[in-house]
Amino acid sequence: MTETRKAPGRGLKRLAILTALTLGTAYGLVFFWTPNEADQGFVQKIFYLHVPMAIVTLGGFILGGIFGFLQLRSGDRKWDLRSYVAIHLSLMLAVGTLITGSIWARASWGHWWVWDEPVLVSFLIVFLLYACYQPLRFSIEDPDKQARYASVFAVVAGAFVPLNFAAVRLAQAYTHPRVLGGAQNSMPGSMQLTFLLAIIGMTLLYITLWKFEITSKTTRMQLASIKRRLDSDATGSPA
Amino acid sequence: MFRNSIDLLRKDLLLEVRGRESVPAMVLLALSTLVVLHFALGQTSLDGELASGALWVTILFSATLGIGRLFVSESEDGGMDAVLLSPVDRTAILVAKVCALFTFLVAVQIVIVPAFALLLLGPHLAPALPKLAGILLLTDFAIATVGSLVGAIAVQSRIRDLLAPLLALPLLIPPLIAATHATAGILASGGPAGVPGRWPLIIALYALVFGLLGIALYDNVLDD
Amino acid sequence: MPALPLDTAGRYVAAAYLVFMLILIIYVAIMASRLTRIQKDITVIDEMLKTRDEHAAKAPPLPTEASAQQ
């Protein structure tokens, strides 16, 4: 009955310290070491925040789909919880990605929104889809049904993410011919290193927050079950 | 399995013919959208990209209505229990729903494409019709595969009328991108241009992926 | 601090990083509200345990009851 197996919060402290170190180093390097980019100048520093955030967000959405798939395979609600937390976190980061992307577009192109930037456009579409996740989830009352349909959504939307990016990029590639992904290849070594560190840091941040939220939710559920047991003790035994 | 699908499809179509719940509403919404587009754009005739965009917006909006209603008969009268109790493969239910939605879409388009040509389209419809019909049928199939999955998810929710379009529209953007590009050339003012093969290919691949997703997930979607 | 070019470019970069900070802070706020709820639950459980112990002190428990509670 009591779960004395491994606690979900194990290792959280170490992970948090590691995250702080990596992210701190990465953004320290961004501002104190990496040279300004020749083309865009100081504005390009947004790149080290926006792009890792976008990559981690999409990774999180796909992770949510994988967890959703495992929930459907096993019927174990713990996978649904994991999928839910992954998507919930990615949604928050997606808002950040859209805002920082918009700021970057404004700073380097002079417009808050640029329709011929396929990544930004795809991101908006993906965000609009995932914005329906929570309304869907919380409008289904039965917990088993909720877990199942939320997981079906997670799988469908997870599969949609790469499809959507491919379709939007393809459409743009034919209407506005441009060199795909040319910027990253010509980066000097110091920029590449900093960028890599920023991606690792952002990934660690995501994992830390994910574990943190899972721990918090599991704790609450454990408390609820303790409360139920105490309740039944109080009513079950004659006073 | 095929027989089951056909029986289920016949049930859906019979319900529609008797009750007339989805198709007339879809047609009316489409016609209203055309009128709205006329005033919103301030144009009396459209061609090329604008015509293609107007047509697809109209079709998508009416399709979301159909998607929202697709599973209503099952969820309201306990019909899903009856369907699930009968020894029918889940895939057969999926196939029947995809075919039903496809039929509704085609029925709607038989009315609204001529109406669109009459009300808004600049170039003549007749020379563009064969290619346009091909793209329409292909995209209808994509909408049907996506829609039957979305409809089955949304019907479980308390707010299904809100969720069906909100889920369906983003999911339909990739085929919409391909369909508008393909149709823009067909409806160009100088007569229909050729359709580059990649657009129908994208739509077909998208329909295929969602068809496979539907087959993989339908066991989990249809329980009660 | 590095020589921050506090022209337009600097302001945009600062804004972007502020957005990130803000999102993290909002997240912390959400988690803080959850922690408060957990705290409330623990207080309730604490109360329940106290009343139970008081009952147990007044009337010595029957052996069956004690074994049931373990």
Side-chain angles (χ1 to χ4, degrees), chain A residues 23 27-28 30-34 36 40-50 52-53 88-89 91-108 110 202 205 209 212-213 215-224 226-231 233-234 236-239, chain C:
Chain A
L23 259 191
Y27 289 116
V30 166
F31 288 105
F32 294 94
W33 183 61
T34 329
N36 277 355
Q40 293 188 29
F42 189 65
V43 168
Q44 189 258 350
K45 305 276 186 209
I46 299 178
F47 166 83
Y48 302 105
L49 177 68
H50 170 74
M53 202 147 66
H88 164 85
L89 271 174
L91 254 174
M92 292 196 55
L93 287 181
V95 175
T97 311
L98 282 172
I99 298 176
T100 53
S102 182
I103 291 173
W104 193 14
R106 169 72 183 162
S108 60
M202 199 60 83
L205 177 69
L209 294 184
F212 179 36
E213 204 173 329
T215 311
S216 154
K217 284 203 155 54
T218 323
T219 308
R220 230 181 111 65
M221 285 192 292
Q222 282 169 339
L223 273 180
I226 291 176
K227 214 164 109 186
R228 266 200 306 277
R229 263 161 48 204
L230 278 176
D231 263 338
D233 271 8
S237 59
Chain C
M1 285 299 277
L4 258 180
L6 280 173
D7 53 347
T8 41
R11 264 189 281 156
Y12 285 124
V13 174
Y17 282 83
L18 269 180
V19 166
F20 180 58
M21 292 284 287
L22 213 65
I23 283 177
L24 282 185
I25 291 170
I26 291 171
Y27 188 77
V28 169
I30 294 173
M31 293 313 286
S33 79
R34 296 218 177 116
L35 184 62
T36 319
R37 270 188 290 168
I38 288 177
Q39 219 273 322
K40 254 185 218 155
D41 274 0
I42 289 184
T43 315
V44 171
I45 288 171
D46 193 38
E47 292 290 316
M48 284 166 104
L49 279 176
K50 256 184 209 151
T51 48
R52 202 178 72 162
D53 287 348
E54 275 164 20
H55 275 294
K58 270 182 212 158
L62 299 165
T64 47
E65 198 183 351
S67 58
Q69 276 169 5
Q70 269 159 14

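Throughout, a chain's letter reflects where its sequence line sits, starting with A, and its residues are numbered from 1. These numbers were taken from a predicted model, which means no experiment stands behind them.
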Sequence neighbours excluded - salt bridge (Lys or Arg N to Asp or Glu O under 4.0 Å) pairs with any residue from residues 93-103 of chain A
none
Hey, could you give me each pair passing salt bridge (Lys or Arg N to Asp or Glu O under 4.0 Å) that has a residue in residues 93-106 of chain A? Not counting sequence neighbours.
none
Between atom [atom1] of [X] and atom [atom2] of [Y], what is the distance when rounded to the nearest 0.5 Å?
{"X": "Ile30(C)", "Y": "Glu213(A)", "atom1": "CD1", "atom2": "CD", "value": "8.0 Å"}
{"X": "Thr215(A)", "Y": "Met31(C)", "atom1": "OG1", "atom2": "CE", "value": "8.0 Å"}
{"X": "Leu230(A)", "Y": "Glu47(C)", "atom1": "CG", "atom2": "CD", "value": "12.0 Å"}
{"X": "Ile45(C)", "Y": "Ile226(A)", "atom1": "CD1", "atom2": "CD1", "value": "5.5 Å"}

In terms of heavy-atom proximity below 4.5 Å to chain A, should Val13(C) be classed as side chain, backbone, both, or neither?
both
Given that the side chain runs from C-beta out, which part of Leu24(C) has a heavy atom under 4.5 Å from chain A: side chain, backbone, both or neither?
side chain
Do Arg34(C) and Arg220(A) have side chains that approach each other closer than 4.5 Å (heavy atoms only, starting at C-beta)?
no
For the residue pair Tyr17(C) and Leu49(A), establish whether any side-chain heavy-atom pair is separated by less than 4.5 Å.
yes
So what's closer than 4.5 Å to chain C heavy atoms on [X]: side chain, backbone, both or neither?
{"X": "Met202(A)", "answer": "side chain"}
{"X": "Leu89(A)", "answer": "side chain"}
{"X": "Ile99(A)", "answer": "side chain"}

Check the pair Leu209(A) / Tyr27(C) against side-chain contact (heavy atoms from CB on, under 4.5 Å), numbers first and verdict last.
CA-CA 9 Å; Leu209(A) 294 184; Tyr27(C) 188 77; 3.6 Å; yes
Taking every non-hydrogen atom, the tightest pair across Phe20(C) and Leu205(A):
CZ-CD2, 3.7 Å
Write down the atom of Ser216(A), the atom of Ile38(C), and the distance for their closest heavy-atom approach.
O-CD1, 3.8 Å
For Lys227(A) and Met48(C): C-alpha separation, side-chain torsions, deciding distance, then whether side-chain contact (heavy atoms from CB on, under 4.5 Å) applies.
CA-CA 9 Å; Lys227(A) 214 164 109 186; Met48(C) 284 166 104; 4.1 Å; yes
Thr97(A), Thr100(A), Val95(A), Ile103(A): which one forms the most heavy-atom pairs within less than 4.5 Å of chain C?
Ile103(A)
